[in-house]
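Residue numbers begin at 1 in each chain, while the letters A, B, ... track the order of the sequences.
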Number of protein chains: 2
Amino acid sequence: MPRKADHLARRKQLADALMRLAASQGLEAVSLRHVAAEAGVSTGMVQHYFRTKDEMMTFALDMVMSNAQERITAEAGAGQPLGPAELIRTLMIQILPLDETRRLEGHVSLAFLAYAAVKPAIGDGLRDSSGQMRAFLADQIRAVQATSDNAPRTDPLHAATALLALVDGLGIHVLGRHYSGEEAVAALDAYLGLLFGSTPDPAGAPATSGG
Amino acid sequence: MPRKADHLARRKQLADALMRLAASQGLEAVSLRHVAAEAGVSTGMVQHYFRTKDEMMTFALDMVMSNAQERITAEAGAGQPLGPAELIRTLMIQILPLDETRRLEGHVSLAFLAYAAVKPAIGDGLRDSSGQMRAFLADQIRAVQATSDNAPRTDPLHAATALLALVDGLGIHVLGRHYSGEEAVAALDAYLGLLFGSTPDPAGAPATSGG
DNA sequence: ACGATTACATTGCAGTCGTATTGCAAAGGG
DNA sequence: CCCTTTGCAATACGACTGCAATGTAATCGT
């Protein structure tokens, strides 16, 4: 093989440029030329690594999702083992756009969400990971209910569905500057307090900053 | 004045065409020519009623928001006066995309949400109405808490924030076909059950259909 | 009746889009 | 050595975009 190049690394670099663009100017500003310029390369190179624009978009979306998944599962396994209640809160906090990095990723996700509404093939991956997350959360909620007698007997799957929708909604409102990240965390804690039948105990290091 | 024409009606008609396009093919498919074709008129006419594309987009967004507001407040005042708990549920149900009409409007809203993330001027109106809704919901929640001794003492504003985020998140998931409208309603009722400290009583006619 | 004004249609323009094509330098295998 | 494959650049093409300019028909005030 002549003139080796790290294909995957190049693609990630280009996808990074794409995400920067999408976050600052929306997906409508994402074109081959713009991505190339943002990455500081020629448009021909972008074409070399992605034969079509759709391939580029799909790769970028996959990257966003796998990044998020990775960070979430990493956070879940880090530190000392947490009880299910603390674990749930930790995970949900990770989803909220509380720092600039996650604000950026949130914008990209939102853009892709609207994109997926039109191109159904794009949304399949989203559906899968959302479903897995929902099932996992339901399990954790079940665990909390099993070990607590204060916790109301809410259907765990419904509660998980609501929880995921809640953090997604909170994230969107924070992105839209409807309120700060702290208020979103407070609303989340209010829900968790209801769900676990206790005064919320945000012992785990609370979020640092909000928009 | 020569050759009168109902300016506002024409604009609404064009905005309708825009919304149809946005719902079926996303905001990226919205162009002056496409809107004109969808409305069955010439592109020149579109230009006559909207001097710029941005003016058209802004008008359409305003229309979506005022439509939603109108339908919601209409629903709130219709029928016999409801207690605060039933009122809240009725309003939230109105927001969910449970029928084809609201699915369409939901798609448009989602598209505009992503659009507003980039063009801050667009998002101002959204912020306002969201803030009003939140305050109103907080009042209603306070009223429920005042008349019920089962209801946990959750901060009403936080609960309202969570409630609004919850239905928005549920709506997005339903639009993304993550689950059906019925499941979204069930998750909503689960949350309301927690919030009001009672087994949910979905006496008000439940949603008709789901995606 | 007539000029002014409004309502629309048509056309043209400069620019951007995704993509296909072409070209060329670099490098490993025969 | 040479030749083929790969990495990347440059460019051309047709379709599309928002918008400006221009034209024409209808209507009202006078």
Crowding at NZ, A/K53 (>12 non-hydrogen neighbours, <6.0 Å):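 Atom NZ in A/K53 is packed in, count exceeds 12.
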Checklist entry - Restricting to pairs with a member in residues 55-102 of chain A, which pass ring-ring contact (aromatic ring centres under 6.0 Å, His included), not counting sequence neighbours? => result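 Qualifying pairs: A/F50-A/F59.
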Send over the distance from [X] [atom1] to [N] [atom2], rounded to a whole Å.
X: B/H48; N: D/dA26; atom1: NE2; atom2: P; value: 16 Å
X: A/M45; N: D/dA10; atom1: CE; atom2: P; value: 13 Å
X: B/R11; N: C/dT6; atom1: CZ; atom2: P; value: 15 Å

* **With sequence neighbours excluded, residues passing ring-ring contact (aromatic ring centres under 6.0 Å, His included) with B/Y115** =>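 If we apply the ring-ring contact (aromatic ring centres under 6.0 Å, His included) test to B/Y115, skipping adjacent residues, there are no hits.
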B/H178: which residues meet the ring-ring contact (aromatic ring centres under 6.0 Å, His included) condition with it, sequence neighbours left out?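 Residues passing ring-ring contact (aromatic ring centres under 6.0 Å, His included) with B/H178: B/H173.
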Next on the checklist: B/K119: which residues meet the side chain to side chain donor-acceptor pair (under 3.5 Å) condition with it, sequence neighbours left out?
Outcome noted: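 For B/K119, the residues satisfying side chain to side chain donor-acceptor pair (under 3.5 Å) (neighbours in sequence not counted) are B/D54.
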Filtered N/O pairs between nucleotides 12-19 of chain C and protein, under 3.5 Å:
| residue | atom | partner | partner atom | Å |
| --- | --- | --- | --- | --- |
| C/dG12 | O6 | B/R33 | NH2 | 3.4 |
| C/dC17 | OP1 | A/S31 | OG | 3.0 |
| C/dG18 | OP1 | A/K53 | NZ | 2.8 |
| C/dG18 | OP2 | A/L32 | N | 3.0 |
| C/dG18 | N7 | A/R33 | NH2 | 2.5 |
| C/dG18 | O6 | A/R33 | NH2 | 2.7 |
| C/dT19 | OP1 | A/T52 | OG1 | 2.9 |
| C/dT19 | OP2 | A/T52 | OG1 | 3.3 |
| C/dT19 | OP2 | A/K53 | N | 2.7 |

Can you tell me which nucleotide in C/dT10, D/dA9, D/dG7 comes closest to the side chain of B/S42?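 Closest of the options to the side chain of B/S42: C/dT10.
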inquiry  = Run the salt bridge (charged side-chain N to carboxylate O under 4.0 Å, His left out) test against A/E55 and tell me which residues pass, sequence neighbours left out.
reply    =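 Only A/R11, A/R51 meet the salt bridge (charged side-chain N to carboxylate O under 4.0 Å, His left out) criterion with A/E55.
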